[in-house]
Asker: 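Supplied in structure tokens, the structure appears directly below.
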Amino acid sequence: MPIQHSDVLFYTGVATAESGREGRVSSDDGKLDVTVSQPKELGGTGRGTNPEQLFAATYSACFHASLAIVADEEKVDITGSSVTARVSIGKNNDGFGIIADLTASLPGLEPAVAQRLLDKAHAICPYSNMTRNGIEVSLKVG
């Protein structure tokens, strides 16, 4: 079940986009300020990053953090590990949709142990939960 606004306990990130896929995205604290553009594969300039790359970056980071939590709980060393997210966009019945593929590199772990950790991380990762269960979204004009 998606969390509600009243369930927020930890942190809220704030970012503003200007001019959609051919513009700029910046955070309220100034730590993120990037040019975005439509990928060349979709007919754009490809000069900046794009929403799929940004989502891949944040999903891989969040999933890796969840993987570290699970590994720590199980006393499994994942030093040197990494998570790569591939996020693709395509058409669906409602307009457009995305799919994500996550690949973890877990050097030195037996495949069964690695898969168990991935499954447990997928169960607790907020981004995985968002993709699986949806999120609460409110719309308002500000």
Side-chain angles (χ1 to χ4, degrees), residues 1-139 142:
M1 168 182 271
I3 71 168
Q4 305 298 309
H5 285 81
S6 61
D7 297 324
V8 174
L9 300 175
F10 305 115
Y11 173 74
T12 299
V14 179
T16 301
E18 298 169 5
S19 300
R21 285 181 167 267
E22 291 292 338
R24 176 176 163 247
V25 176
S26 60
S27 62
D28 64 334
D29 63 5
K31 292 180 182 177
L32 176 72
D33 191 346
V34 296
T35 299
V36 292
S37 63
Q38 192 81 304
K40 286 183 179 182
E41 297 83 352
L42 297 177
T45 64
R47 283 190 288 244
T49 189
N50 58 68
E52 292 74 33
Q53 288 175 329
L54 292 170
F55 185 67
T58 58
Y59 196 176
S60 62
C62 189
F63 192 87
H64 195 273
S66 297
L67 183 61
I69 290 169
V70 169
D72 186 56
E73 288 173 351
E74 295 203 7
K75 309 290 189 250
V76 175
D77 183 9
I78 61 166
T79 301
S81 64
S82 64
V83 174
T84 300
R86 288 173 177 78
V87 174
S88 305
I89 186 171
K91 290 188 80 68
N92 65 17
N93 293 338
D94 298 324
F96 297 94
I98 60 171
I99 58 171
D101 297 300
L102 299 176
T103 304
S105 173
L106 296 162
L109 292 187
E110 296 292 323
V113 172
Q115 189 62 55
R116 185 180 77 243
L117 293 177
L118 291 180
D119 292 342
K120 287 185 173 186
H122 189 52
I124 67 165
C125 174
Y127 275 59
S128 292
N129 284 326
M130 175 184 61
T131 62
R132 181 174 36 257
N133 299 325
I135 61 172
E136 176 71 21
V137 177
S138 67
L139 302 174

Asker: Distance from Leu32 atom CG to Leu54 atom CG, nearest 0.5 Å?
Answerer: 7.0 Å
Asker: Should Thr45 and Glu22 be marked as a side chain to side chain contact (heavy atoms under 4.5 Å, CB included) after you check the CA-CA gap, both sets of side-chain angles, and the distance that decides it?
Answerer: CA-CA 8 Å; Thr45 64; Glu22 291 292 338; 3.7 Å; yes
Asker: Got a sec, which pairs hit side chain to side chain donor-acceptor pair (under 3.5 Å) with one end in residues 112-125, sequence neighbours left out?
Answerer: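 Passing the test, one end in residues 112-125: Glu74-Arg116, Glu74-Lys120, Gln115-Asp119, His122-Ser128, His122-Arg132.
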Asker: Can you tell me how far the OG1 atom of Thr58 sits from the OH atom of Tyr127, to the nearest 0.5 Å?
Answerer: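 Between Thr58 OG1 and Tyr127 OH, I get 3.5 Å after rounding to 0.5 Å.
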Asker: Rounded to the nearest 0.5 Å, what's the gap from CG on Leu117 to OG on Ser66? Could you check?
Answerer: 12.0 Å
Asker: Does the pair Val36 and Asn50 meet the rule for a side chain to side chain contact (heavy atoms under 4.5 Å, CB included), with working shown?
Answerer: CA-CA 5 Å; Val36 292; Asn50 58 68; 5.8 Å; no
Asker: If you round to the nearest 0.5 Å, how far is CG of Asp33 from OG of Ser26?
Answerer: 5.0 Å
Asker: For Val87 and Ile99: C-alpha separation, side-chain torsions, deciding distance, then whether side chain to side chain contact (heavy atoms under 4.5 Å, CB included) applies.
Answerer: CA-CA 6 Å; Val87 174; Ile99 58 171; over 6 Å; no
Asker: When the ring planes of Tyr59 and Phe55 are compared, do they come out parallel, tilted or perpendicular, using 30° and 60° as the limits?
Answerer: tilted
Asker: Looking at Glu110, I want to see if its CD is surrounded by more than 12 non-hydrogen atoms of other residues, nucleotides or ligands under 6.0 Å.
Answerer: no
Asker: Do you know the tightest heavy-atom contact between Gln53 and Thr49?
Answerer: OE1-OG1, 2.7 Å
Asker: Heavy-atom distance under 4.5 Å between the side chains of Thr35 and Arg47, does that happen here?
Answerer: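 No - every pair of side-chain heavy atoms lies 4.5 Å or more apart.
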Asker: So which atom in Ala17 and which in Val25 form the shortest heavy-atom distance, rounded to 0.1 Å?
Answerer: CB-CG2, 4.1 Å
Asker: Provide the full list of side chain to side chain donor-acceptor pair (under 3.5 Å) pairs with a residue in residues 75-88, sequence neighbours left out, each pair given once.
Answerer: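 Counting only pairs at least two positions apart or across chains, the side chain to side chain donor-acceptor pair (under 3.5 Å) contacts touching residues 75-88 are His64-Ser81, Asp77-Thr79.
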Asker: Are the side chains of Ser60 and Cys62 in touch, meaning some heavy atoms are under 4.5 Å apart?
Answerer: no
Asker: Can you tell me how far the CD1 atom of Ile98 sits from the CD atom of Glu52, to the nearest 0.5 Å?
Answerer: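 If we round to the nearest 0.5 Å, Ile98:CD1 and Glu52:CD are 7.5 Å apart.
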Asker: Determine, stepwise, if the pair Leu67 / Leu106 fulfils side chain to side chain contact (heavy atoms under 4.5 Å, CB included).
Answerer: CA-CA 10 Å; Leu67 183 61; Leu106 296 162; 3.8 Å; yes
